[in-house]
Student: 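Here it is, the structure, as structure tokens.
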Amino acid sequence: MTESFRRSGEYDYDAPQGPYSQSHGYSAPVNPEWPPPPAYEPTAASPLPAAGPEPEPRRRRARGSVALLAAVAIVAAAVGGATAYGFQELAGKNDVTATGTSTAVVPAGKKGDVAAIAAAVSPSVVEINATLDNGSSTGSGVVISSNGEIVTNNHVIAGAQSVKVRTSDGHSYTADVVGTDSSKDLALIKLQGASGLRAATLGDSSGVQVGDSVVAIGSPEGLTGTVTSGIVSALDRDVTVPTDESQAQGQGGDGSWPFQFGGRNFNGDTGSSTTTYKAIQTDASLNPGNSGGALIDAAGNIIGINAAMYSSSQQASSSSDAGSIGLGFAIPVNTVKSDLAKLRSGGRN
């Protein structure tokens, strides 16, 4: 017989009721050796996922997302400093921001090494020669931008008919006076046709302490690129200097710059028109011609502009008085930075 054999009730069961109980119009062959299906819906091998806790892979993805966010935050923090600096430069903000840190102009292993400091900063210090009505004046200056902005003392260029500048590599330029501030003894000049100059790094003079090592670079007596070293011997010294141009040109043509300190006059009479500022005192050897040059910290940052130094007229005639007496003063660089916007705007006073 070829007909199928089926025992009564052997495979009969109630079809499950629900959305999955529809008939598809297809009947599979029945083998009597197959075991009968259970009389209830199976649960152990259910094809649908049972409700329960979140699968472990999703938790792993969450941790990965947190790690990614942390990495992005770290990169953003690293980029942020440079971005903020770039924005400050583009916006032209020159106000002092004291961070308590300094930029490493010289390698960390060379910090405090005078030779390394001189090699790094000397290209940023220039010699200035001003032609006056009654002679000439020689001083120094510090390059603060690659296109030839130079900070110097007001008394170096006061009353000048023309200004010539020589860089450390021997190139000569004509300079224009951009702005002056006799109350702080500061001036800003700009070289004509200059580009690619090495700008000095202006530090933070608020962190300077007595005893810190310093290096001075300038052109004393026209000796370009002269380097001396010493320490900061005192802070916040009240130095009084003349604001009158005739006094600023020096007395006797010896290039000395009169100033008053501690109730005494040095290098001549300061006159009746004067101004007083707080200065950094140093024992680094300074001489006429150092005015406007750089006072530099151990990391190679500019912390002051050398402005006043004692020059005894008796030194030339008495060997016992020869040599540096260790009394020099520099305008703190924070004063310079706070005055830059005014100088750049062409202010004259």
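Nothing here was measured: the structure is a model prediction, and the numbers come from that model. For the numbers below, each heavy atom of this structure counts, side chains included, while hydrogens, waters and symmetry mates do not.
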Student: T275 versus D185: any side-chain heavy-atom pair under 4.5 Å?
Tutor: no
Student: Going by heavy atoms in the side chains, are T282 and I231 under 4.5 Å from each other?
Tutor: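 Heavy-atom side-chain distance check fails, nothing below 4.5 Å.
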Student: Salt bridge check: are R166 and E127 linked by an N-O gap of less than 4.0 Å?
Tutor: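 Here R166 pairs with E127 in a salt bridge, since their nearest N and O are under 4.0 Å apart.
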Student: Could you tell me which non-hydrogen atom of N265 sits nearest to which non-hydrogen atom of G268, and how far apart they are?
Tutor: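 Scanning both residues completely, I find the closest heavy atoms to be CB-O, 3.5 Å.
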Student: Looking at side-chain heavy atoms only, is the closest gap between L191 and V126 below 4.5 Å?
Tutor: no
Student: Among D236, T335, D238, which residue satisfies the side chain to side chain donor-acceptor pair (under 3.5 Å) criterion with K278?
Tutor: D238
Student: Under 3.5 Å, is there a donor-acceptor pair between the side chain of D181 and the main chain of L186?
Tutor: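 Flag not set: sc D181 to bb L186 has no pair under 3.5 Å.
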Student: Counting distance only, does the side-chain N/O of D297 pair as donor-acceptor with the main-chain N or O of N301 below 3.5 Å?
Tutor: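 Yes: the side chain of D297 pairs with the backbone of N301.
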Student: Using side-chain heavy atoms (C-beta onward) and a distance below 4.5 Å, is T276 in contact with V239?
Tutor: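 Of all side-chain heavy-atom pairs linking V239 with T276, none is under 4.5 Å.
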Student: Between K190 and N147, is any pair of side-chain heavy atoms under 4.5 Å apart?
Tutor: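 A side-chain contact exists here, since the closest heavy-atom pair is under 4.5 Å.
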Student: Hey, are the side chains of I296 and V214 touching, using non-hydrogen atoms and a 4.5 Å cut-off?
Tutor: no
Student: Parallel under 30°, tilted from 30 to 60°, perpendicular over 60°: which one fits the rings of F329 and F259?
Tutor: perpendicular
Student: Is N290 reaching over with its side chain to a backbone N or O of N287, donor-acceptor style, under 3.5 angstrom?
Tutor: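 Flag set: sc N290 to bb N287 pair under 3.5 Å.
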Student: For the residue pair P242 and P258, establish whether any side-chain heavy-atom pair is separated by less than 4.5 Å.
Tutor: yes
Student: Evaluate the side-chain hydrogen bond (donor to acceptor under 3.5 Å, both in side chains) criterion for residues K164 and S172: first the C-alpha distance (whole Å), next the side-chain angles of each, then the deciding distance (0.1 Å), finally the verdict.
Tutor: CA-CA 7 Å; K164 300 291 185 180; S172 295; over 6 Å; no
Student: In sequence, state the C-alpha distance, the side-chain angles, and the governing distance for I305 and V151, and then conclude on side chain to side chain contact (heavy atoms under 4.5 Å, CB included).
Tutor: CA-CA 8 Å; I305 299 297; V151 169; 4.2 Å; yes
Student: Please check this pair: side chain of S140 against backbone of G289, looking for a donor-acceptor N/O pair closer than 3.5 Å.
Tutor: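 Flag set: sc S140 to bb G289 pair under 3.5 Å.
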Student: For a 4.5 angstrom cut-off between non-hydrogen side-chain atoms, does S168 reach V125?
Tutor: no
Student: Looking only at heavy atoms, which two atoms of A308 and Y277 are closest? And how far apart?
Tutor: CB-OH, 4.4 Å
Student: Assess the residue pair Q192 and D176 against the criterion (side chain to side chain contact (heavy atoms under 4.5 Å, CB included)); give the C-alpha distance rounded to whole Å, side-chain angles, the decisive distance to 0.1 Å, and a yes or no.
Tutor: CA-CA 7 Å; Q192 297 178 5; D176 298 317; 3.0 Å; yes
Student: May I ask you to decide if G292's main-chain N or O and N153's side chain share a donor-acceptor pair within less than 3.5 Å?
Tutor: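 Here the side-chain-to-backbone pair exists.
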